[in-house]
Number of protein chains: 2
Amino acid sequence: MTQAGNAQAGPRARQRQARIAQILAGAERVFAEAGFEGASMSELAAAAGLPKANLHYYFGTKEALYTTLLDSILALWLSATDSIRPEAEPAEALTAYIRAKMRWSRERPQASRVFANEVLHGAPYLRSHLAGPLRALVQEKSAVLEGWIAAGRMAPVDPPHLFFSIWAMTQTYADFGAQIGAVLDLPEPDADCFARGTDTILQLVLRGCGLEPPGR
Amino acid sequence: MTQAGNAQAGPRARQRQARIAQILAGAERVFAEAGFEGASMSELAAAAGLPKANLHYYFGTKEALYTTLLDSILALWLSATDSIRPEAEPAEALTAYIRAKMRWSRERPQASRVFANEVLHGAPYLRSHLAGPLRALVQEKSAVLEGWIAAGRMAPVDPPHLFFSIWAMTQTYADFGAQIGAVLDLPEPDADCFARGTDTILQLVLRGCGLEPPGR
DNA sequence: GAAATTATTGACCATTTGGTCAGCTTTCTT
DNA sequence: AAGAAAGCTGACCAAATGGTCAATAATTTC
């Protein structure tokens with residue numbers, strides 16, 4: 001047990017992880033509401049329920065805290081395309097992908113907003129990740145769609161732009177929830193709103209790609 | 001000419017308007033890049049090419065400058081739905097609307113980003129406008145779509161959600177240009193990117209609504 | 001052309017910001 | 001039990017921020 005301590009870890013390391021998670025959870029809320037510049041270390045500390053100096057003990061700088069959070073969010077962001085594989089049925093795969101993206105908007109709206117804010121301001125910290133892993137992922141999945149198109153299994157589309165549209169439509173329910181809520185006279189998008197939104201997006205994408213909703 | 005001074009106005013008033021426009025133009029750039037909190041009065045002043053105290057002379061506070069800019073942007077935002085009228089051909093009307101929205105993303109990406117940033121952070125200054133004029137506009141245009149649907153001129157859709165999707169897809173080319181650029185290996189979305197994006201969105205929306213591209 | 005109005009700006013201010021640090025407590029190791 | 005290591009935090013700091021203001025310059029107005 002000298003240096004491993006990975007399995008169930010010592011109580012010390014466990015405590016440490018819990019504290020870090022606690023700080024990141026608070027930071028997600030605060031950064032989502034205020035953006036990077038708008039969030040102050042005092043607010044971040046208050047949100048974590050810890051003294052300010054304690055955040056500096058764990059993360060050093062505000063920027064380090066922010067990039068750590070961003071990295072964890074991007075990892076989540078990237079992990080939703082599993083359903084898109086060559087052997088899959090196009091309609092089913094796209095449906096699963098869209099539903100997964102909508103679930104993410106519903107369950108993690110603050111994470112979505114932190115990501116959106118970063119990209120909106122030019123992605124200074126995320127640019128390299130976007131041009132690296134994300135670009136690779138898009139190329140890989142675009143090839144799958146190209147295959148389906150070539151096989152006549154769906155109508156021709158420009159795969160990357162189809163992804164841009166799907167991202168935009170699904171994330172808008174988290175990122176622009178204030179606008180949607182205002183228009184629909186809700187404090188924020190509710191379950192019914194998400195259900196209708198999902199149906200609308202599915203209709204646009206499936207019909208747009210010449211597909212029928214998957215029978216189950 | 002005692003109190004009117006509206007036609008061509010005195011040189012004094014004209015100068016005043018020019019200065020205000022100059023400040024707002026700079027502010028659009030700075031607020032788009034940094035958000036409200038991230039933009040400092042010194043940056044805003046530098047972008048306008050004027051001393052800081054001069055901005056305070058014209059606008060009083062940073063907040064007043066920001067809300068003035070936001071109001072002017074919202075006015076632009078609201079003025080693009082003209083094509084959607086009961087007598088119009090659905091395919092033509094939607095095509096014109098989408099093209100207008102894409103043109104706005106192309107030509108005024110910074111204005112779009114200022115708006116997006118405001119909504120992303122809960123629309124504190126814009127909420128009342130969104131729940132007022134915007135909601136009214138959506139209800140009016142939704143009624144037009146309902147009419148088309150009832151008349152069998154297009155497939156059933158949930159009109160407000162169709163608008164949410166169209167806004168999301170078109171604005172993403174301005175607001176998330178950094179992401180799109182990173183994926184496509186461009187510094188920022190270019191003409192070709194916008195052309196392909198427009199085609200993709202038109203395909204999704206028109207086919208999604210059971211319409212054919214308008215022959216012209 | 002003198003008085004009044006409007007426009008301009010450098011110097012200044014109180015407050016808040018991200019960050020540091022010395023000293024304290026707790027937990028682990030032997 | 002004693003020493004070492006890790007965790008914690010109140011008090012503090014230099015820098016930056018939004019905003020003020022008195023002095024000055026430019027235009028109008030009469």
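So that the names make sense, note that chain A is the first sequence line, chain B the second, and so on, each numbered from 1. These figures come from a predicted structure and were not determined experimentally.
Using a 4.5 Å heavy-atom threshold, the side chains of B:Phe163 and B:Tyr97 count as touching. Between A:Leu184 and B:Phe164 the shortest side-chain heavy-atom distance falls below 4.5 Å. Side-chain contact between A:Trp77 and A:Gln171 is present, with heavy atoms from C-beta onward closer than 4.5 Å.
In this structure, A:Tyr173 has its ring center under 6.0 Å from that of B:His161.
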All N/O pairs under 3.5 Å across the protein-nucleotides 14-18 of chain C interface:
{"residue": "C:dG18", "atom": "OP1", "partner": "A:Ala39", "partner atom": "O", "Å": "3.1"}
{"residue": "C:dG18", "atom": "OP1", "partner": "A:Lys62", "partner atom": "NZ", "Å": "2.9"}
{"residue": "C:dG18", "atom": "OP2", "partner": "A:Met41", "partner atom": "N", "Å": "2.7"}

Please enumerate all protein N or O atoms sitting under 3.5 Å from an N or O of nucleotides 7-9 of chain C, with distances to 0.1 Å.
{"residue": "C:dA7", "atom": "OP1", "partner": "B:Arg16", "partner atom": "NH1", "Å": "3.1"}
{"residue": "C:dA7", "atom": "OP2", "partner": "B:Arg16", "partner atom": "NH1", "Å": "2.8"}
{"residue": "C:dA7", "atom": "OP2", "partner": "B:Tyr57", "partner atom": "OH", "Å": "2.5"}
{"residue": "C:dA7", "atom": "O5'", "partner": "B:Tyr57", "partner atom": "OH", "Å": "3.3"}
{"residue": "C:dT8", "atom": "OP1", "partner": "B:Arg19", "partner atom": "NH1", "Å": "2.6"}
{"residue": "C:dT8", "atom": "OP2", "partner": "B:Asn54", "partner atom": "OD1", "Å": "3.4"}
{"residue": "C:dT8", "atom": "OP2", "partner": "B:Tyr58", "partner atom": "OH", "Å": "2.8"}
{"residue": "C:dT9", "atom": "OP2", "partner": "B:Asn54", "partner atom": "ND2", "Å": "3.1"}

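Looking at B:Ser112, its side chain never comes within 3.5 Å of a backbone N or O of B:Arg108 through a donor-acceptor pair.
The minimum heavy-atom distance linking A:Leu44 with A:Lys62 is given by the pair CD1-CG, 4.4 Å.
Between A:Asp158 and B:Arg196 there is a salt bridge, with a side-chain nitrogen of the basic residue lying less than 4.0 Å from a carboxylate oxygen of the acidic one.
When rounded to the nearest whole Å, the span between CD of B:Gln17 and C1' of C:dT6 equals 15 Å.
Here CD of B:Glu188 is found 10.0 Å from SG of B:Cys193. Values are rounded to the nearest 0.5 Å.
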